[in-house]
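Here is the structure we will look at.
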Amino acid sequence: MLRGRRGAALAGALLLWLAAGSGCDTALDARRITLCRRAVPALAPPGAEIGLLRVGAGASRGSVRVDYRVLGGTGPQPKAEATRTRFLVCHFGAGDDLTAVTTEQGPVNGASLYLLKRYYLTTPEAEAADPGAR
């Protein structure tokens, strides 16, 4: 009987540990998704209104892909631009460390990535412009 209780206790502890671990991954995934969404307005045309189409896992491990359209904005926009699907893929290292960003036009260079991370993504302005927070 003691052996059965001990086994059940170990199994319960293991399930609790697995659940706690998956909770951390879920919170980390949510943080990564938020950071990637916040990068969209910074890399889209100035004054653009963003329409999110899809936000989810990217093709590589630890990446997030955001598909969106530019719906309009302050400047004139050709009809072809309004219907064109754009995307952003954010690559992350350990935790929520953004290591690379790729758009439909190619990779974002190192200096732009540094400025994006250092001076924009965690600001109140980025939070207010987040197209997924509305």
Side-chain angles (χ1 to χ4, degrees):
M1 187 75 167
L2 182 61
R3 185 175 219 170
R5 285 185 186 168
R6 187 174 193 180
L10 285 173
L14 178 62
L15 286 174
L16 182 62
W17 179 75
L18 288 173
S22 67
C24 290
D25 289 342
T26 302
L28 178 60
D29 291 344
R31 178 77 178 139
R32 287 176 173 179
I33 287 168
T34 298
L35 288 172
C36 198
R37 271 194 338 247
R38 286 182 179 180
V40 171
L43 298 171
E49 292 179 33
I50 307 298
L52 292 180
L53 301 173
R54 176 194 171 278
V55 180
S60 63
R61 185 173 183 196
S63 67
V64 173
R65 181 179 170 117
V66 177
D67 294 326
Y68 67 98
R69 284 202 177 113
V70 175
L71 303 175
T74 56
Q77 179 181 352
K79 184 173 172 97
E81 284 297 305
T83 58
R84 183 169 65 110
T85 300
R86 300 168 183 246
F87 71 88
L88 192 73
V89 179
C90 300
H91 302 274
F92 293 89
D96 62 0
D97 179 34
L98 184 61
T99 58
V101 175
T102 305
T103 71
E104 71 279 355
Q105 296 175 346
V108 172
N109 70 40
S112 295
L113 179 63
Y114 172 79
L115 293 171
L116 181 71
K117 288 169 47 174
R118 176 85 167 120
Y119 296 107
Y120 183 72
L121 289 180
T122 58
T123 65
E125 291 81 11
E127 183 178 351
D130 182 350
R134 300 177 208 154

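Positions are given from 1 along the sequence. Any value given below was found using the heavy atoms of this structure, including those in side chains, with hydrogens, waters and symmetry copies removed.
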What distance separates [X] [atom1] from [Y] [atom2], expressed to the nearest 0.5 Å?
{"X": "H91", "Y": "C36", "atom1": "NE2", "atom2": "SG", "value": "9.0 Å"}
{"X": "I33", "Y": "L28", "atom1": "CD1", "atom2": "CG", "value": "10.0 Å"}
{"X": "S63", "Y": "L88", "atom1": "OG", "atom2": "CG", "value": "11.0 Å"}

Considering all heavy atoms, the nearest [X]-[Y] contact:
{"X": "P131", "Y": "R37", "result": "CD-O, 3.4 Å"}
{"X": "Y119", "Y": "Y114", "result": "CE1-CE2, 4.4 Å"}
{"X": "T103", "Y": "V108", "result": "CG2-CG2, 4.2 Å"}
{"X": "A44", "Y": "I50", "result": "CB-CD1, 3.6 Å"}

For the backbone of G132 and the side chain of R38, can you confirm whether one donor and one acceptor N or O come within less than 3.5 Å of each other?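 No; judged by distance alone, with no hydrogens or angles, the pair does not exist.
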
Quick check: are there more than 12 heavy atoms from other residues, nucleotides or ligands sitting under 6.0 Å from CZ of R61?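 Atom CZ in R61 is not packed in, count stays at 12 or less.
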
Membership question, hydrophobic clusters at under 4.5 Å side-chain separation (ILVMFWY): are [Y] and [X] in the same one?
{"X": "V40", "Y": "F92", "result": "yes"}
{"X": "L121", "Y": "V66", "result": "yes"}
{"X": "L52", "Y": "L43", "result": "yes"}
{"X": "V101", "Y": "Y120", "result": "yes"}

Would you mind reporting whether [Y] and [X] have side-chain heavy atoms less than 4.5 Å apart?
{"X": "E127", "Y": "T34", "answer": "no"}
{"X": "P45", "Y": "V70", "answer": "yes"}
{"X": "P41", "Y": "Y68", "answer": "no"}
{"X": "L53", "Y": "R69", "answer": "yes"}
{"X": "T85", "Y": "E104", "answer": "no"}
{"X": "L98", "Y": "L35", "answer": "no"}
{"X": "R32", "Y": "C90", "answer": "no"}

